[in-house]
Number of protein chains: 2
Amino acid sequence: MADACTIPDETSPAGSVQCPECKRINEVLARVGDRWSVLVIISLARYGTLRFNELKRNLGISQRMLSLTLRQLVRDGLIEREQFPTIPPKVEYSLTAMGTSFREPVMALGQWALDNLDNIDDARARFDEVVEA
Amino acid sequence: MADACTIPDETSPAGSVQCPECKRINEVLARVGDRWSVLVIISLARYGTLRFNELKRNLGISQRMLSLTLRQLVRDGLIEREQFPTIPPKVEYSLTAMGTSFREPVMALGQWALDNLDNIDDARARFDEVVEA
DNA sequence: CGGTATCCGAACCGATACTG
DNA sequence: CAGTATCGGTTCGGATACCG
């Protein structure tokens, strides 16, 4: 990996110019960092393989958004789509190798989210109380 | 931490009902998981403390979005705002303890993003080529 | 310097209806 | 079952102008 790809590069004086890493991270997160993508990845990481409607029920996502999200993730090479020509049709989704490598940071983020939801709620309550006064 | 908060809970039969963890993760990610928040956290994790316009230049974010994002993050207890009553005014932002604990999963995500941007671009190119045919 | 207020187009996203 | 198409409300987010 090139030097330009390591995050802790503190050569520039803090706020001089736009940090190139942020620009690139931004690009990737714009693609795979939205909430539905993250949740689809988490679900597939948990269950291995899921059908369309299983994901739909699992996530509480609308049919439209799931369809769009899945197509994006397939296009980005994070998940795989296997279609069985049966009647009624059956389509299974699972993680690719890259999707699996995405699993770890995503799961860490998800776990942090679970661990800190209450803390955030508390912080918000305190903040709002102060602001009202 | 309660049992209900662990992600790898495979008790339900895959797609039966909405998984409660996904619901909660969704809630937190809706708050602190947006792109600007993530990038602010990454920048503060890198530099420790930054002023408003340093962050602005660093991220390539509009003044409006930065202002909104910072206020949210302060409200959620992830960052701290210190104001110096000088002329011209000076305001410094840094991570709180909770923000610092958020740092690790976020940095992991950012690093993954950097490492895989090219892979994603390649996957997209391949996908689009196939679709055109 | 560090904001806030307003405007306005773009993107998001759920609801609904329809298809193979 | 696994989608696609269309519509309409909400949110996002940049641009601009203004303030302490």
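These numbers come from the heavy atoms of this one structure, side chains and all, not from hydrogens, waters or symmetry mates. Per chain, numbering begins at 1; letters A, B, ... match sequence-line order.
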Please give, in whole Å, the distance from D:dG13 P to A:Leu29 CG? 13 Å

Take the protein atom NZ of B:Lys56 and the nucleotide atom C1' of C:dG2, then report the distance between them rounded to whole Å. 11 Å

Got a list of protein N/O to nucleotides 1-4 of chain D N/O distances below 3.5 Å?
from	atom 1	to	atom 2	distance (Å)
D:dC1	O3'	A:Arg51	NH2	3.0
D:dC1	O3'	A:Pro89	O	3.4
D:dA2	OP1	A:Arg51	NE	2.9
D:dA2	OP1	A:Arg51	NH2	3.2
D:dA2	OP1	A:Val91	N	3.4
D:dA2	OP2	A:Asn53	N	3.1
D:dA2	OP2	A:Asn53	ND2	3.2
D:dG3	OP1	A:Arg81	NH1	2.3
D:dG3	OP2	A:Tyr93	OH	2.6
D:dG3	N7	A:Gln63	NE2	2.2
D:dG3	O6	A:Gln63	OE1	3.4
D:dT4	OP2	A:Ser67	OG	2.4
D:dT4	OP2	A:Arg71	NH2	3.3

Listing request: all salt bridge (charged side-chain N to carboxylate O under 4.0 Å, His left out) pairs with a residue in residues 99-110 of chain A, at least two apart in sequence or in separate chains. none

Answer with yes or no whether the side chains of B:Asn119 and B:Asp122 bring together a donor and an acceptor at under 3.5 Å. no

Sequence neighbours excluded, every pair satisfying side chain to side chain donor-acceptor pair (under 3.5 Å) that has a member inside residues 64-73 of chain A: none

In whole Å, what is the span from the CE atom of A:Met65 to the P atom of C:dT16? 17 Å

Rounded to whole Å, how long is the line connecting atom CG of B:Leu39 with atom P of D:dC12? 16 Å

So do the side chains of B:Phe102 and B:Thr96 get within less than 4.5 Å of each other, counting heavy atoms only? no

Just how far, in rounded Å, is P of D:dC19 from CD1 of B:Ile87? 18 Å

Test salt bridge (charged side-chain N to carboxylate O under 4.0 Å, His left out) applied to A:Asp121 - qualifying residues, sequence neighbours left out: B:Arg31

Between CG of B:Asp34 and P of C:dC12 the distance, given in whole Å, is 14 Å

Would you kindly give the CH2-to-P distance between B:Trp36 and D:dG13, to the nearest whole Å? 7 Å

How large an angle, rounded to 10°, do the end axes of the helix from C:dC1-D:dG20 to C:dG20-D:dC1 enclose when each is built from five base pairs? 40°

Could you give the side-chain donor-acceptor pairs of residues 79-91 of chain B under 3.5 Å, partners two or more places apart or in another chain?
from	atom 1	to	atom 2	distance (Å)
B:Arg81	NH2	B:Gln83	OE1	2.4
B:Thr86	OG1	B:Pro88	O	2.9

For the pair B:Arg35 and A:Asp34, find out whether any cationic side-chain nitrogen is under 4.0 Å from an anionic carboxylate oxygen. no

Would you check if A:Met98 and B:Asn116 make a side-chain contact, meaning some heavy-atom pair closer than 4.5 Å? yes

